[in-house]
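Working notes, beginning with the structure itself.
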Number of protein chains: 2
Amino acid sequence: MKKVVVIGGGTGVFTVLTGLKDYPFELCAIVSMADDGGSTGLLREEFGTLPAGDIRRALIALSDSNKKVLSELFNFRFGEETSLKGHSMGNLLLTALEKITGDFGSAIAEAGDVLNIKGEVIPVTLTRTKLFATLSNGKVVEGETNIDIPKHDGTISIKNIFLKPNAKANPKALEAIKKADAIILGPGDVYTSILPNLVVEGIVSALKNTKAKIIYNVNIMTKFGETNGFLASDFVEKMEEYLGKNIIDCVTVNTEKPTGEIVKRYEKENVEFVKNDLKDSNIIAADFLREGMFLRHDPEKLAKVLSKIIE
Amino acid sequence: MKKVVVIGGGTGVFTVLTGLKDYPFELCAIVSMADDGGSTGLLREEFGTLPAGDIRRALIALSDSNKKVLSELFNFRFGEETSLKGHSMGNLLLTALEKITGDFGSAIAEAGDVLNIKGEVIPVTLTRTKLFATLSNGKVVEGETNIDIPKHDGTISIKNIFLKPNAKANPKALEAIKKADAIILGPGDVYTSILPNLVVEGIVSALKNTKAKIIYNVNIMTKFGETNGFLASDFVEKMEEYLGKNIIDCVTVNTEKPTGEIVKRYEKENVEFVKNDLKDSNIIAADFLREGMFLRHDPEKLAKVLSKIIE
């Protein structure tokens, strides 16, 4: 069975895992540990635990439990206006499990056991660290949330990102990359979901040395404050800035342009359709657009193409 | 297999269930719904859910899961000083499950399923209600916590308790009482754990009409503000005040007087050893005392005696 490693954070990892779960692959998710917003941020600050949000989403995506209520429970969120301040149940469970077992790795294993997950979820690092971004005007922004939801002028571009303190790769993540047959990066927010994994010490060199086929999925839409005006080639270039040239073996790009009301809603938030300007033998351009309220990748369409690349 | 129903609340139900779990009985716990203190009280107030605390304890007692971490998780409590204000994870889980499934009964069933419980846990009522106590001086105290931890002069005795609004018995509780071979009341706080079940409309008449043997376990110690100066016979009389005469078939009383430092600690809290003044063929006087920090029933000693009465 082919070993497939998905690297990222946020909803992107969820999309890829959800789609690939139905294929005969051994799945593993390596998940960013830079999240410091919302429920995750509150728990980090108060309990000193590692960020649970992205881990929670990956666990739910891989859950193969016949008890559907368990994933509902993991996703359940107490109201923002209540004293439980919008905490998600899954985050609280992971926090409690970290306190009970004494470490985050065991907490994830226990949660994975309860959810009967098909595959493995690995935090990219176990170092308690914070994400910073240097803007093109020289200013430094502290914290993933402040980059994700820019308090600064979002038209100013990001020069680079870094972690402070320096984070060392989780040995399990390095092992998974080494043993993988395919590694999937993206879709996902470039500076707040994908790159926070690549700036962890050891990850890029592992990616350079693995025999695995490395696939990058370009986002469907740009993100204000991160990738304003990006074309498909800009996304790939940004990855290569961190990975080095000739590391990515294959790139997928969406070609289906969304239409209608939904586009106007996105335009209001300064979010644009990513045009494909890539033309090469290793570029797979196809319709990946999901129907619905969000302009995101369709898990099934994406998985169908990815599975063919992997095999 | 003999059907055994345990009626109560708090740690008493936990003790009896824990002990009886190792015997070949079909166990069912009918649990008081009057709790309004601590984590349970906060969640009741804010989310309008039914009180989870006593249900949680009964679920843990009956858990037969090979995943020990699950019952640890259910019992895990976030610090009082944190923004999660001493909430227990089990209470949060039951609250979330009530919101997800839409009713408390289903929430308990789902939690029981996850914990792989051996038996059934039934809330005595599904009516959202509150416990009141009339004191001997005519004053009325509102709320279970204010009775449990008296803000009034604890030497003033309680005349009676009642629920407002009137609570109707859960049909499942009535069914369990009807079908039972044995019903166990106590140990437990008289006014805040045992009697809150008996003042639910329909429970006493079900107890009067069942063919089951009814057993009452007298507490080991008195409780300040509830049973000051009570002898064993006072406990039985108090039960009969609500149940009627000749309903209790058998009474167990502890005979082992605790000694040492622990007694002094209890004396400081105006808690005394309950002397046995009962002498009848249906009275079983034995050593039920548990070793340890609390003067409580030993689950194994109690279960050994109870199992012989039941068979």
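Labels below follow one simple rule: chain letters A, B, ... track the order of the sequence lines, proteins then strands, and each chain is numbered from 1. Remember, it's a predicted structure, so these values are computed and weren't measured experimentally.
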(request) For residues L84(A) and H87(B), determine if any side-chain heavy atom of one lies less than 4.5 Å from a side-chain heavy atom of the other. (result) yes
(message) Please classify the contact of L93(B) with chain A as side chain, backbone, both or neither, using a heavy-atom distance under 4.5 Å.
(response) both
(message) With a 6.0 Å cut-off (strictly less than), is the heavy-atom count around NZ of K168(A), excluding the residue itself, greater than 12?
(response) no
(message) Can you tell me how far apart NZ (K68(A)) and CD1 (I100(B)) are? Round to the nearest 0.5 Å.
(response) 9.5 Å
(request) Only counting residues at least two apart or in another chain, list the ones meeting ring pair (Phe, Tyr, Trp, His ring centres under 6.0 Å) with F78(A). (result) F76(A), F47(B)
(message) I need the contact set between residues 103-128 of chain B and chain A: heavy-atom distance under 4.5 Å, sorted by residue number.
(response) E110(B), D113(B), V114(B)
(message) What's the separation between atom CE in M89(A) and atom OG1 in T95(B), rounded to the nearest 0.5 Å?
(response) 8.0 Å
(request) Against chain A, work out which of E72(B), K85(B), R77(B) has the most heavy-atom pairs shorter than 4.5 Å and name it. (result) E72(B)
(message) Using 0.5 Å steps for rounding, measure from the CG atom of L43(B) to the OG1 atom of T82(A).
(response) 9.5 Å
(message) Other residues, nucleotides and ligands only: do more than 12 of their heavy atoms fall within 6.0 Å of NZ on K21(A)?
(response) yes
(message) Atom NZ of residue position K67(A) - does it have more than 12 heavy atoms of other residues, nucleotides or ligands inside 6.0 Å?
(response) yes
(request) Measure E46(B) against the heavy atoms of chain A and call it side chain, backbone, both or neither at under 4.5 Å. (result) side chain
